[in-house]
Protein chains: 2
Amino acid sequence: MALEHAILVSLLEKPGSGYELARRFERSIGYFWTATHQQIYRVLKRMESEGVLAVLEVPQQGRPDKKEYSVAAPGRAVLSQWLHEPIEPESIRHELAVKIRGAAFDDPAALVDEVRRHHQAHSDRLARYLAGELRDFTGPDAPSPLDTGQELQHVVLRGGIAYERMTIAWLDDVLATLRGLAARAGSTAASRDGASSEPSA
Amino acid sequence: MALEHAILVSLLEKPGSGYELARRFERSIGYFWTATHQQIYRVLKRMESEGVLAVLEVPQQGRPDKKEYSVAAPGRAVLSQWLHEPIEPESIRHELAVKIRGAAFDDPAALVDEVRRHHQAHSDRLARYLAGELRDFTGPDAPSPLDTGQELQHVVLRGGIAYERMTIAWLDDVLATLRGLAARAGSTAASRDGASSEPSA
DNA sequence: CTTGCCTATGCAACGAGTTGCATAGAAAGC
DNA sequence: GCTTTCTATGCAACTCGTTGCATAGGCAAG
């Protein structure tokens with residue numbers, strides 16, 4: 001139930017409405033934990049009924065009223081307890097990796113475009129992360145001695161940057177491998193190379 | 001619904017029972033897609049009823065009978081179609097990252113042990129991956145010209161290795177950051193965190 | 001000979017997450 | 001005037017994933 005804790009962290013960093021949280025989950029905290037607005041509204045409601053969040057109805061002009069949530073005292077306790085509990089190291093779920101293994105039973109070359117799309121998407125993400133880092137942590141407009149929260153946000157962002165760089169390098173490796181297989185399949189077209197899949201169909 | 005496709009890939013690589021699949025999902029394909037035996041049995045049943053899998057009851061001695069599943073012709077079509085559909089680039093879900101940001105509202109030093117545990121877990125995983133690579137792909141006992149399936153399995157494994165190495169390096173960074181914060185908190189114990197005048201970078 | 005582990009399959013209940021849809025006022029473009 | 005976009009919240013239905021439990025024979029250790 002880590003969504004609950006991600007919401008607590010985000011609201012401690014800054015109180016806000018469900019809508020605002022949903023937007024934060026599209027950037028910032030959302031780089032490491034995703035959630036749709038549906039999930040967020042549902043969990044916010046539950047957390048409020050449990051007393052871990054306080055809610056304040058804020059009338060607005062020119063736009064719908066909003067419910068601003070903030071962390072109540074029991075919420076801090078919930079977060080603190082979670083922080084002291086051990087969690088399991090993540091197991092990644094990488095759909096593209098499954099596809100790549102699956103390509104052995106189909107045409108590997110057909111994956112090239114897909115891999116390139118992912119390469120582009122990760123390059124874009126990296127660019128966004130780097131821009132954010134410059135803006136908030138390492139650029140001339142950044143606060144100069146970072147406080148604890150900023151230091152921790154920065155190290156998490158550095159993790160995201162490292163992840164994207166690693167992924168991009170790996171996708172290059174994947175593309176090179178696919179190209180190598182295509183060349184091999186081309187030059188030895190008649191031979192029974194590769195495709196542990198089926199001897200003959 | 002990538003579990004379905006992960007199962008297709010795994011059964012194409014080698015037919016097997018639900019139990020055997022569950023074990024494969026603890027290693028090999030499970031490095032990139034996790035599933036419990038419950039999920040697997042349920043999905044196998046559904047896939048069989050849809051005709052994408054064929055099942056063969058295999059009596060065994062000294063142990064319970066098993067149902068050996070293999071991919072039927074429609075299953076190959078299902079996989080092939082999926083391979084040609086684009087998928088969204090993964091969004092990671094990193095609980096530890098949420099914890100690290102949350103630590104700003106608690107004692108960051110209390111996270112050190114947790115981070116070290118994760119460091120250890122990822123080091124162990126890396127060691128397993130590297131052992132697997134040596135055994136199956138780069139060692140003296142490995143098949144010398146790898147076939148297509150093996151090349152693709154290898155590039156996926158290289159991705160896992162890169163991921164673990166990146167993660168370990170990042171966890172070192174996290175530990176250094178936590179230590180830095182602890183030192184700062186120690187040396188300026190009385191002062192208010194970020195507003196402090198003591199720069200110790 | 002009892003306790004615990006391994007193979008092997010499965011049900012039931014629950015919680016997490018996704019998708020589609022609905023509402024509703026204000027602003028902005030055509 | 002019409003459509004689209006943005007803010008803002010929410011229901012309903014569904015699928016995906018987890019946890020706990022149950023069964024059942026064989027094997028090994030104490």
Side-chain angles (χ1 to χ4, degrees), chain A residues 1-8 11 15-27 29-30 32-50 53 55-69 78 82 85 87-88 90-95 98, chain B residues 1-8 11 15-27 29-30 32-50 53 55-69 82 87-88 90-95 98:
Chain A
M1 227 189 302
L3 176 55
E4 182 180 329
H5 304 115
I7 287 176
L8 284 172
L11 288 180
S17 68
Y19 187 83
E20 282 160 1
L21 277 172
R23 327 224 82 217
R24 288 183 214 171
F25 273 77
E26 281 163 16
R27 23 172 215 75
I29 194 115
F32 313 101
W33 202 266
T34 58
T36 61
H37 77 274
Q38 305 296 348
Q39 247 182 299
I40 291 167
Y41 282 121
R42 209 193 302 148
V43 173
L44 280 175
K45 190 161 275 193
R46 199 199 66 218
M47 290 170 80
E48 192 218 325
S49 77
E50 290 169 352
L53 295 183
V55 65
L56 182 69
E57 298 243 3
V58 180
Q60 298 185 117
Q61 324 166 301
R63 51 182 62 182
D65 298 354
K66 67 174 178 176
K67 298 184 185 174
E68 189 166 88
Y69 289 91
V78 166
W82 177 66
E85 278 164 14
I87 52 173
E88 286 302 300
E90 321 286 315
S91 38
I92 29 170
R93 295 199 138 186
H94 211 308
E95 218 173 341
V98 177
Chain B
M1 227 190 303
L3 176 55
E4 181 179 332
H5 304 114
I7 287 175
L8 284 172
L11 288 180
S17 67
Y19 188 84
E20 282 160 0
L21 276 173
R23 330 224 82 218
R24 285 183 216 172
F25 273 76
E26 281 163 16
R27 23 172 216 75
I29 194 116
F32 314 102
W33 203 267
T34 59
T36 61
H37 77 276
Q38 306 294 350
Q39 247 182 298
I40 291 166
Y41 281 122
R42 209 193 300 149
V43 174
L44 280 175
K45 190 161 278 193
R46 198 199 66 217
M47 291 169 79
E48 192 217 325
S49 77
E50 289 169 354
L53 295 184
V55 64
L56 182 68
E57 298 241 4
V58 180
Q60 298 186 114
Q61 325 166 300
R63 50 183 61 183
D65 298 355
K66 66 174 180 178
K67 298 184 183 171
E68 190 165 271
Y69 289 92
W82 176 67
I87 52 173
E88 286 302 299
E90 321 287 315
S91 39
I92 29 169
R93 297 199 136 186
H94 211 307
E95 219 174 340
V98 178

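So you know, we letter chains A, B, ... as the sequences are listed, proteins then strands, and number each from 1. Hydrogens, waters and symmetry mates play no part in the numbers below; they use all other heavy atoms, side chains included.
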Trainee: Rounded to the nearest 0.5 Å, what separation is found between the CD atom of B/Glu68 and the CG atom of B/Leu21?
Mentor: 10.0 Å
Trainee: B/Gln39 CD to C/dG15 C1': how many Å, rounded?
Mentor: 13 Å
Trainee: Got B/Lys67 and B/Tyr41 here, is their nearest side-chain heavy-atom distance under 4.5 Å?
Mentor: no
Trainee: Among C/dC6, D/dA8, C/dT18, which is the nearest nucleotide to the side chain of B/Tyr19?
Mentor: C/dC6
Trainee: Is there a side-chain contact between B/Val98 and A/Trp82, using heavy atoms and a 4.5 Å cut-off?
Mentor: yes
Trainee: Starting at atom CD of A/Gln38, determine the distance to atom P of D/dA8, rounded to an integer number of angstrom.
Mentor: 16 Å
Trainee: Can you check the B/Met47 CE to D/dC16 P distance for me, whole Å?
Mentor: 12 Å
Trainee: Taking 4.0 Å as the cut-off, does a side-chain nitrogen or oxygen of A/Lys45 come that near to OP1 or OP2 on D/dT9?
Mentor: no
Trainee: Whole-Å distance between C/dG17 P and A/Tyr41 OH?
Mentor: 18 Å
Trainee: Among C/dG17, D/dT7, D/dG10, which nucleotide sits nearest the side chain of A/Trp33?
Mentor: C/dG17
Trainee: Tell me the interatomic distance from B/Glu4, atom CD, to D/dG17, atom P, rounded to whole angstroms.
Mentor: 11 Å
Trainee: Specify the separation, in whole Å, of atom NE2 of A/His5 and atom P of C/dA16.
Mentor: 10 Å
Trainee: Grab the NZ-C1' distance between B/Lys66 and D/dG25 for me, whole Å please.
Mentor: 17 Å
Trainee: Provide, to the nearest angstrom, the distance between the CZ atom belonging to B/Arg42 and the C1' atom belonging to C/dA8.
Mentor: 18 Å
Trainee: Is B/Glu95 salt-bridged to B/Arg93, cutoff N-O under 4.0 Å?
Mentor: no
Trainee: More 5' along DNA chain C: A/Arg46 or B/Ser17, using each one's nearest nucleotide?
Mentor: B/Ser17
Trainee: Using heavy atoms to find the nearest nucleotide of DNA chain D for A/Arg93 and B/His37 separately, return the residue whose nucleotide is more 5′.
Mentor: A/Arg93
Trainee: Between A/Arg63 and B/Pro64, which is nearer to the 5' end of DNA chain C once each is assigned its nearest nucleotide?
Mentor: B/Pro64
Trainee: Under a 3.5 Å distance rule, please check whether B/Glu20 uses its side chain to pair with a backbone N or O of B/Ser17 as donor and acceptor.
Mentor: yes
